[in-house]
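Just the heavy atoms: all of them, side chains too, but no hydrogens, waters or symmetry mates, feed the values below.
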Amino acid sequence: MKKVKTGGGWPAIVYSLRKAREAGGLWKFWKAMRSRNACKTCALGMGGQRGGMVNEIGSFPEVCKKSMQAMVADMQGAIQPEFFERYSVSHLKGFTPRELESCGRLVDPLLYSAETGRYHTITWDQAYNHIADKLASLAADETFWYFSGRSSNEAGFLLQLFARVYGTNNVNNCSYYCHQASGVGLSSVTGSGTATIVLEDLDKADLVFVIGGNPASNHPRLIEKLMHLRRRGGKVIVVNPIVETGMVNFSVPSNLMSLLFGTEIASQYVQPHIGGDLAMLYGIAKRVLELDAHDQAFLDEHCEQWPELRQQLESLSWDEIVAKSGVAESDIFQMANTYAEAKNVVFSWTMGITHHAHGVENVQAIANLALMRAMVGRPGAGLLPIRGHSNVQGIGSMGVTPKLKDAIFERLQQHFGVELPTTRGRDTMDCMEGAASGELKLGLCLGGNLYGSNPDAAFAEQALNNLDLVVYLSTTLNTGHAFGTARETIVLPVLARDEEPQPTTQESMFNYVRLSDGGPRRLEGPVSEVEVIATIARKTLERRNAQATSAIDWQSMQDTGRIRQAIAKIIPGFEAIENIQQTKEEFQIGGRTFHQPKFATTSGRANLHVHSLPELQGEASEQLRVMTIRSEGQFNTVVYEDYDLYRGIERRDVILLHPDDLAARGLTDGQLVKVAGPAGTMNGVRATAFTEIRAGNGAMYYPEANALVSRQLDPKSKTPAFKCVLVTVTADVPLADPRVAVHI
C-alpha cells in the first residue's frame with residue numbers, strides 16, 4: 001500500500017467516521033467518547049471530570065485513533081455460547097490478534113480444560129467456587145498475580161491486598177515488560193520513578209527530545225504539543241533508527257492550518273544503530289562539556305557524583321562514541337549545540353530506550369544529560385517517560401510490585417490489622433520461569449495479555465500450559481486465551497471502564513489522578529472488576545479460615561469509595577482521593593513533580609551515574625539487529641488493523657530491511673525468508689524493502705516477532721531486550737512457489 005506523506009490528516013478523519021459507523025452511529029459514538037471517563041488507551045491524560053476528548057488542562061478536542069479503536073472494541077456485540085461450540089482452542093490459535101479482538105465482547109464465564117480442548121460457558125457461582133477451591137488448596141507462593149494497566153486504581157489496590165493477605169508477594173504488573181527500566185532509572189536519580197513534569201511544562205519548553213519512540217502512532221495527542229512548540233519557534237530532536245512518517249510531518253485534525261498544510265515535527269532526525277543510544281547520549285554530554293555549556297553551580301550544589309561523571313566524559317574518545325552509537329560526530333555536535341542554546345528542555349522517551357539489556361543505564365544517561373544543564377528541578381523542563389497504558393502508572397502506585405515500599409507495607413498492616421508476608425516476591429519473568437519449572441501452580445491475570453507480552457513465545461506458551469489453573473479477567477479475546485491456557489483456564493468477563501456501576505480512578509503519566517464516572521452496561525453478563533476480586537477473596541479466605549477473613553470485610557470492599565478511603569490512608573500522596581467522588585476535584589500527586597531542585601532522595605540531591613559504554617551488538621556480517629515495533633493500527637498487544645498506514649505496509653508477517661541489507665544477502669523485495677533469532681525461527685516471513693530504516697538494522701511487528709526474542713533481561717529492572725534482537729535472514733522458499741503458505 002502507498003505510504004502517506006503525513007500523519008493524522010484527512011485519513012484520520014475518514015477513519016474516525018468509519019469507526020463511528022461500526023459503533024452504531026455518529027451520535028452514539030460521540031456520547032461514548034464524551035463521557036466523563038479517563039481514556040482507555042495511553043497515559044497521556046484525557047477525559048475524567050473534564051469529559052472525554054478534553055486533556056488535563058482543559059484543551060478540546062483531544063482525541064486520537066487509539067482511543068476510538070478501544071471504544072469501538074468495547075461497543076461490540078456479545079460473543080454467543082455457540083461460538084465456543086464451533087471453535088476449539090486449536091481453532092482459536094489460527095486466528096490473528098486482530099480477528100480475536102474483533103470476535104466481540106465476552107459476556108459469559110468460560111472454563112477450558114486440556115482434556116476437552118475447548119471453552120464452555122459456566123455460571124458465575126461455578127467460576128468463583130472453582131477458583132476459590134483451587135486457591136484454598138495451594139500454598140500462597142505457588143501462585144502469581146499479574147496486573148494490566150487498563151484496570152482502575154481501586155481494582156489494582158484490592159487485588160494486591162488480597163494477594164498479600166492470602167500470603168504471597170508474587171505480585172507484578174505489565175510495566176516489567178515496558179517501562180520498569182524508567183521507574184528504576186528515575187528512582188535512582190530523583191527518588192521518584194515517574195515524570196518530573198506536568199503537562200503544562202510542555203507549553204513552556206523550547207526544545208523536546210523524543211528518544212526511542214514513535215508517539216505519532218502510539219501517543220498521537222502528544223503531537224499537538226509538539227506542533228505548538230514548533231510554531232513558537234522551538235525545536236524537536238527525534239532519535240529513532242526508523243524515520244517515522246508522523247514524526248517528520250503531522251497534520252493535526254483539530255487544527256485547521258495543520259490539517260490543510262501539515263506541521264513539520266522534527267527539526268533534527270537522528271538514526272543511531274539499535275542499541276547505540278547510550279553511547280550517543282554520552283557523546284552529547286561530552287560535547288556539552290567541551291562547549292562549557294554545563295551548569296557548574298547546579299551540579300555542585302544539587303547533584304552527586306559530578307566529578308566522577310566529568311572524568312568519564314573527558315576520558316571517552318570520539319572514535320569510541322561514534323563506533324558504539326553509529327551516529328556521526330557531526331550529528332552529535334548538532335544535537336549538543338541545539339541543546340546548549342535552548343532555555344527549557346524536556347527529555348522524553350519510550351520503549352526504544354527501556355527495551356534493552358542496559359535499559360536502566362539508558363534512562364540514567366538521559367537524566368545525566370538533563371542535569372548537566374539544570375533541566376530538572378524547574379518549570380518548563382524535565383524528564384518524561386511516555387507511558388503506554390492509561391493506568392499502568394497508577395497500578396504501580398497502588399503497590400503492585402513484588403516488594404512494597406516500607407511506608408505502604410507498614411500502613412497496610414496497621415490499617416487492616418493483618419500480617420503481610422515478607423518473602424521475596426517474583427517479578428514477571430521470574431513468575432513465568434516458576435510456572436515452567438512447576439513451582440507455581442496458578443496465575444491470576446487482571447486484564448492484559450500475559451502470553452502476548454512475553455518474549456520467547458514458545459517458552460511463554462509452555463510455561464502457562466504447565467500451570468494447573470490460569471484465570472483471566474478480560475473484556476475481549478486475545479492470543480493469551482488461545483496459547484496461554486493451563487490445564488484448566490477460566491475467563492471472567494468484566495465491565496469496561498465506562499460501564500462500571502461505580503466511579504473509579506486512574507493516574508496519568510503526569511502524576512495526575514482522574515475520576516471516571518463509569519456508566520450503563522452495554523451487555524448483560526460482565527461484572528465489575530472490584531466485585532469479582534472481592535468475591536474471590538471472600539470465598540478463598542473463608543475456605544482457609546484466614547485472619548484477613550475477619551480483619552477485612554470483603555463484602556464492603558466491593559464499594560470503590562471504601563477502597564479509596566483505604567488508599568488515602570495507605571498510599572503516600574493520595575490523601576485527596578478519599579473524597580474525590582464527592583468533590584469531583586482531580587489532583588496532582590504530591591512529591592513527584594520537581595519544579596525546584598529539591599529531590600526525593602535521602603540527600604535531597606539528584607544522583608548522576610557513570611557507565612561503561614557497551615559494545616555495539618550485531619556487527620558480524622551475517623547478523624542484523626532487529627527491533628520489535630508496533631503498527632499505527634495497534635495498541636500494545638491489541639491489533640485493530642493488519643495494515644500499517646504510516647509505513648505503507650499491508651501485512652504483519654514481514655521484516656523491514658534497508659534495500660542495501662536485502663542486496664547484501666541476495667534477497668529481493670517481497671521474497672519469503674527465514675528469520676532465525678535467539679529464541680526461535682520464523683518461516684515464511686516476507687522480506688520488505690524499507691528505505692526509512694538505518695542499514696544494518698531491521699524491524700518486525702510485536703507481538704508476532706516475540707517468537708524470536710530471548711529472555712535476556714536488564715539486570716536492574718528485569719525488562720526484556722525486545723528492541724535489540726540479533727537475527728540472521730536467509731531465503732526460505734522461492735517467491736514464485738504458489739504452494740507455500742505464509743505462517744508464523
Side-chain angles (χ1 to χ4, degrees), residues 1-22 64-66 68-69 72-73 95-102 214-218 220 223 240-253 259 262 265 269 626-663 667-673 675 682 684-695 697-705 729 732 735-736 738 740-744:
M1 65 186 299
K2 186 177 181 181
K3 184 170 73 71
V4 296
K5 295 181 179 179
T6 182
W10 294 107
I13 293 174
V14 172
Y15 184 88
S16 301
L17 295 173
R18 177 160 66 86
K19 284 294 164 184
R21 186 168 62 250
E22 291 176 17
C64 71
K65 290 170 68 173
K66 292 288 184 290
M68 293 181 182
Q69 289 162 340
V72 171
F95 284 43
T96 66
R98 179 191 60 78
E99 289 168 341
L100 288 167
E101 172 71 17
S102 60
N214 181 21
S217 284
N218 300 312
I223 302 301
N240 193 320
I242 295 178
V243 176
E244 300 285 8
T245 298
M247 297 306 298
V248 175
N249 194 286
F250 200 94
S251 300
V252 179
L259 176 63
I265 302 301
Y269 209 118
V626 163
M627 59 180 178
T628 62
I629 58 173
R630 291 157 173 79
S631 71
E632 186 265 345
Q634 79 177 98
F635 184 71
N636 293 341
T637 60
V638 181
V639 178
Y640 296 109
E641 312 292 350
D642 288 330
Y643 61 85
D644 190 346
L645 182 68
Y646 288 0
R647 298 188 184 109
I649 305 299
E650 294 183 345
R651 51 199 300 158
R652 297 180 63 83
D653 53 347
V654 298
I655 180 169
L656 307 183
L657 297 175
H658 192 276
D660 291 350
D661 290 320
L662 286 176
L667 303 173
T668 58
D669 183 26
Q671 184 173 351
L672 297 182
V673 297
V675 184
M682 296 173 66
V685 177
R686 198 167 295 269
T688 301
F690 195 67
T691 58
E692 290 82 0
I693 196 167
R694 174 76 183 271
N697 305 274
M700 298 179 71
Y701 288 113
Y702 165 99
E704 294 89 341
V729 182
D732 190 3
L735 178 63
V740 177
V742 175
H743 60 283
I744 292 180

Subject >> Check: Asn249 side chain, Thr6 main-chain N or O, donor-acceptor pair, under 3.5 Å >> reply: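 Not confirmed, Asn249 side chain does not pair with Thr6 backbone.
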
Original post:
Could you give all pairs that pass the side-chain hydrogen bond (donor to acceptor under 3.5 Å, both in side chains) test and reach residues 7-20, with sequence neighbours left out?
Top reply: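 Pairs touching residues 7-20 that pass the test: Tyr15-Gln69, Tyr15-Glu641, Arg18-Glu22, Arg18-Tyr643, Lys19-Glu22.
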
Restricting to non-hydrogen atoms, name the atom on [X] and the atom on [Y] that form the minimum distance, rounded to 0.1 Å.
X      : Y      : value
Thr691 : Pro659 : CG2-CG, 3.7 Å
Gln634 : Asn636 : NE2-O, 2.7 Å
Val673 : Ala687 : CG1-CB, 3.9 Å
Val248 : Val243 : CG2-CG1, 3.6 Å
Glu101 : Tyr640 : OE2-CE2, 4.0 Å
Ala699 : Ile242 : CB-CD1, 3.9 Å

Rounded to the nearest 0.5 Å, how far does [atom2] of [Y] lie from [atom1] of [X]?
X      : Y      : atom1 : atom2 : answer
Tyr269 : Met247 : OH    : CE    : 6.5 Å
Leu667 : Asp661 : CG    : CG    : 10.0 Å
Ile629 : Ile649 : CD1   : CD1   : 8.0 Å
Ile223 : Ser251 : CD1   : OG    : 11.5 Å
Thr245 : Tyr646 : OG1   : OH    : 8.5 Å
Ser217 : Asp644 : OG    : CG    : 6.5 Å

Original post:
Are Asp669 and Thr688 close enough, and set up right, to give a side-chain contact (heavy atoms from CB on, under 4.5 Å), and what steps lead you there?
Top reply: CA-CA 5 Å; Asp669 183 26; Thr688 301; 4.2 Å; yes

Original post:
What pairs with Lys66 under salt bridge (charged side-chain N to carboxylate O under 4.0 Å, His left out), at least two apart in sequence or on another chain?
Top reply: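 Scan of Lys66 (salt bridge (charged side-chain N to carboxylate O under 4.0 Å, His left out), adjacent residues dropped) gives none.
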
Subject >> Atom NZ of Lys3: over 12 foreign heavy atoms under 6.0 Å >> reply: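 Check passes, neighbour count above 12.
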
Would you say the side chain of [Y] lies within less than 4.5 Å of the side chain of [X], judging by non-hydrogen atoms?
X      : Y      : result
Tyr701 : Asp653 : no
Thr96  : Val639 : no
Leu645 : Lys65  : yes
Met627 : Asn240 : yes

Subject >> Leu656 and its side chain to side chain contact (heavy atoms under 4.5 Å, CB included) partner, picked from Met700, Arg686, Glu692, Arg647 >> reply: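 Running side chain to side chain contact (heavy atoms under 4.5 Å, CB included) over Met700, Arg686, Glu692, Arg647 with Leu656 returns exactly one hit, Arg647.
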
